Amino acid sequence: GTLKIRIPLNKGMINAILVKQNKDGTYEKLNVSIEDGYLAYESDELGIVAVIADIDSEVQGSYYPGASTGGALTGDTSNPLLYMGFTFSSLSVLCFLMYKYKRGNN
């Protein structure tokens, strides 16, 4: 049979399109309609789909962390130099303690 599939849209998404991955790895654009804040389409099979949209930076309550960047954030947003500093400090303290311990035992 035919399935009616509805995918929720964030309020800040504009010019949204939906693409479906075919079995051969290619993508095709699907004909969708917007119904009550959902992208809706009909299909006779389920598959991998992706929503591609512009982000309206004026909309509050975006699900992107931090400031409105206009696109998806991927990966970790923490500062790697901070962790490198903690690691260096910890190793320095350990080396100092080992030096004092060895010097005291001689």
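What's counted below: heavy atoms across the whole structure, side chains too, no hydrogens, waters or symmetry copies. In this chain, numbering begins with 1 at the start of the sequence shown. Small disclaimer: the values here were computed from a predicted structure and weren't measured.
- Rounding to the nearest 0.5 Å places CD1 of I14 at 5.5 Å from CG of D54.
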- Message: Go through it in stages, so that I can follow the logic: the residues are V51 and M13, the test is side-chain contact (heavy atoms from CB on, under 4.5 Å), and I'd like the CA-CA distance, side-chain angles, deciding distance and then a yes or no.
- Response: CA-CA 10 Å; V51 177; M13 289 183 171; 4.2 Å; yes

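- Under the rule for a side-chain contact (heavy atoms from CB on, under 4.5 Å), the partners of I52 that lie at least two apart in sequence or sit in another chain are I17, V19.
- Checked against side-chain contact (heavy atoms from CB on, under 4.5 Å), I34 has the following partners two or more places apart in sequence or in another chain: L9, L39.
- Residue pairs meeting the side chain to side chain donor-acceptor pair (under 3.5 Å) criterion with at least one member in residues 36-52, sequence neighbours excluded: K20-E45.
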What side-chain donor-acceptor pairs closer than 3.5 Å can you find for residues 86-95, not counting sequence neighbours?
{"residue": "T87", "atom": "OG1", "partner": "Y83", "partner atom": "O", "Å": "2.8"}
{"residue": "S89", "atom": "OG", "partner": "G85", "partner atom": "O", "Å": "2.9"}
{"residue": "S90", "atom": "OG", "partner": "F86", "partner atom": "O", "Å": "2.9"}
{"residue": "S92", "atom": "OG", "partner": "F88", "partner atom": "O", "Å": "2.8"}

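- Annotation: salt bridge (charged side-chain N to carboxylate O under 4.0 Å, His left out) contacts of E35 (sequence neighbours excluded): K4.
- Following chains of ILVMFWY side-chain contacts shorter than 4.5 Å, one can reach V49 starting from L3, so the two form part of one hydrophobic cluster.
- Taking the side chain to side chain donor-acceptor pair (under 3.5 Å) definition, one finds that D24 meets it with T26, sequence neighbours left out.
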